[in-house]
2 protein chains.
Amino acid sequence: MLTTLMSGKALTASELAAEAGITAQTASSHLSKLEGAGLLTQRKQGRHRYFALADDEVGNLLEAMMGLAAKRGHMRARTGPRDPALRKARVCYNHLAGEFGVRMFDSLAARGLVVEEGEDVSLTDEGETFVSGLGIDLPALTSLRRPLCKSCLDWSMRRTHLAGALGTALLDRFYDLGWARRIDGTRIVSFTGEGERRFLEIFPAV
Amino acid sequence: MLTTLMSGKALTASELAAEAGITAQTASSHLSKLEGAGLLTQRKQGRHRYFALADDEVGNLLEAMMGLAAKRGHMRARTGPRDPALRKARVCYNHLAGEFGVRMFDSLAARGLVVEEGEDVSLTDEGETFVSGLGIDLPALTSLRRPLCKSCLDWSMRRTHLAGALGTALLDRFYDLGWARRIDGTRIVSFTGEGERRFLEIFPAV
DNA sequence: TTCATACTTCGACCATAACCGAAGCATGAG
DNA sequence: CTCATGCTTCGGTTATGGTCGAAGTATGAA
């Protein structure tokens, strides 16, 4: 039920029970515990009770837990969000995840613009030129104490994507350029037709 | 046992059992499960088996989980070590934790010498002057790849203290100045009378 | 070799968690 | 009003996990 709610959408108790394959009674019991623990919020609306993750921090923790579980080979058969829009592109903390996030990272790595060494990721000289060309103010980013590049394991793809200050800056840049926007109340990053075209062009498949 | 291992030190099965207040058999059962799950690593050395967290990612996840739990008010009643000396000042990885660690961080933050932004911590210009005045070779630290400042959640105090290269350098400096020394075989940092006086003077309570 | 220590395995016990059927509320529709 | 729907509470069963005593294995010391 928690992973289902990671879509950011609020779902009713019945929907969550059906999703989890348990009866309404059992679901009700779990949901009340989760709400009591502060992990879920509940909103009554008519006869329905809509449940959602309490805040982003809960979603981030779930994603971190699933990321670690995936690396250790303990994932369930079904992984990642079912919603195709979420699988395609979503926010993870403040950077881009999903198929688009992984594609961007792979594309950068294949052209030698970033180098992955274990858990560390670094930007090469060519990479600096490249991201500057995208309109990223690199000196401003490096002046932050925050690590410029970090790797982050993608939940649905189980592949590395780009986190850190640069990951955040790139997603913000896509917003600024009007290529994509965050769908309110969800973790979905929705690309426009033109935005998607440009993104795929700039980050070619490897 | 996992929270105990967050100190970064490798501990034997018996030590972990004693710390958790369970028998050796029970501890053995849990440790083998945790190792099987890839959360712990084991190193045989003579008759002892030393256990440690498998990698930083595990520690980070534990920290995130405890952070969220603390925010939601679900921390266990008994937290931190029972030994008063350990509660007062101890090493966490290579930096100072316990009451003294938290006091140092609070004092630095209250005077605007460090700034905490979520999980990131940065040293201000005034902070740079301050730590240089303490005899820290700041240029040497910043040349390291390792992050200069990191926040670390204190187990017993449930409060932030200073980790990272600077956290390590400060503790080393206290050793050099003769203010404190590490008690062999323990995580206790023992301050001398004079050392404690100077420490409390330099890092006034907020 | 013999003994002590460190740890694991086995077997059993008990507390708890997950689960569902039945019944009970609450809400909206007719 | 009555009825259907969505959800919760209650009671009881089953499965699981945590726990320890007893016995077994490995290692180092005497």
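In this text the structure is predicted, and so the values were computed from the model without any measurement.
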Do any side-chain nitrogens or oxygens of [X] fall under 4.0 Å of OP1 or OP2 in [N]?
| X | N | result |
| --- | --- | --- |
| B:T26 | D:dC20 | yes |
| A:H30 | C:dC19 | yes |
| B:T23 | D:dT19 | no |

Taking atom [atom2] of [N] as reference, at what distance in whole Å does atom [atom1] of [X] sit?
| X | N | atom1 | atom2 | value |
| --- | --- | --- | --- | --- |
| B:L16 | D:dG18 | CG | C1' | 17 Å |
| A:L34 | C:dA18 | CG | P | 10 Å |
| A:L31 | D:dT9 | CG | P | 11 Å |
| A:I22 | C:dG21 | CD1 | P | 13 Å |
| A:H48 | C:dA26 | NE2 | P | 18 Å |
| A:E35 | D:dT9 | CD | P | 11 Å |
| A:M1 | C:dA18 | CE | C1' | 11 Å |
| B:Q25 | C:dT9 | CD | P | 12 Å |

What protein N or O atoms touch nucleotides 26-30 of chain D N or O atoms at under 3.5 angstrom, if any, and at what distances?
{"unit_1": "D:dT27", "atom_1": "OP1", "unit_2": "B:K44", "atom_2": "NZ", "d": "3.1"}

Margin query: Check the orientation of B:F203 and B:F174. Use parallel for under 30°, tilted for 30 to 60°, and perpendicular for over 60°.
Written below: perpendicular
Check: Taking the six-membered ring for Trp, are A:H161 and A:H95 parallel (under 30°), tilted (30 to 60°) or perpendicular (over 60°)?
Finding: tilted
Checklist line | Polar side chain donor-acceptor pair, A:E194 to A:T192, under 3.5 angstrom | finding: no
Margin query: What I want to find out is whether B:R49 reaches B:E35 closely enough, with some N-O distance under 4.0 Å, to be called a salt bridge.
Written below: no
Next item on the list: May I ask you to say whether B:E201 pairs ionically with B:R197, meaning some side-chain N is under 4.0 Å from a carboxylate O?
Entry: yes
Notebook entry, point to check: Is A:A24 touching bases, backbone alone, or none of the nucleic acid, heavy atoms closer than 4.0 Å?
Noted result: base
Check: At under 4.0 Å between heavy atoms, what does A:T12 touch on the DNA or RNA strands: base, sugar-phosphate, or nothing?
Finding: sugar-phosphate
Check: Considering residues, nucleotides and ligands other than A:M1, do more than 12 of their heavy atoms fall under 6.0 Å from its CE?
Finding: yes
Item checked: Residue whose nearest DNA chain C nucleotide is more 5′ - B:A27 or A:K33 -> B:A27
Item checked: Distance-minimising heavy-atom pair for A:A17 and A:A27 -> CB-CB, 3.6 Å
Checklist line | Proximal nucleotide (of C:dA18, C:dT8, D:dC20) relative to the B:S28 side chain | finding: C:dT8
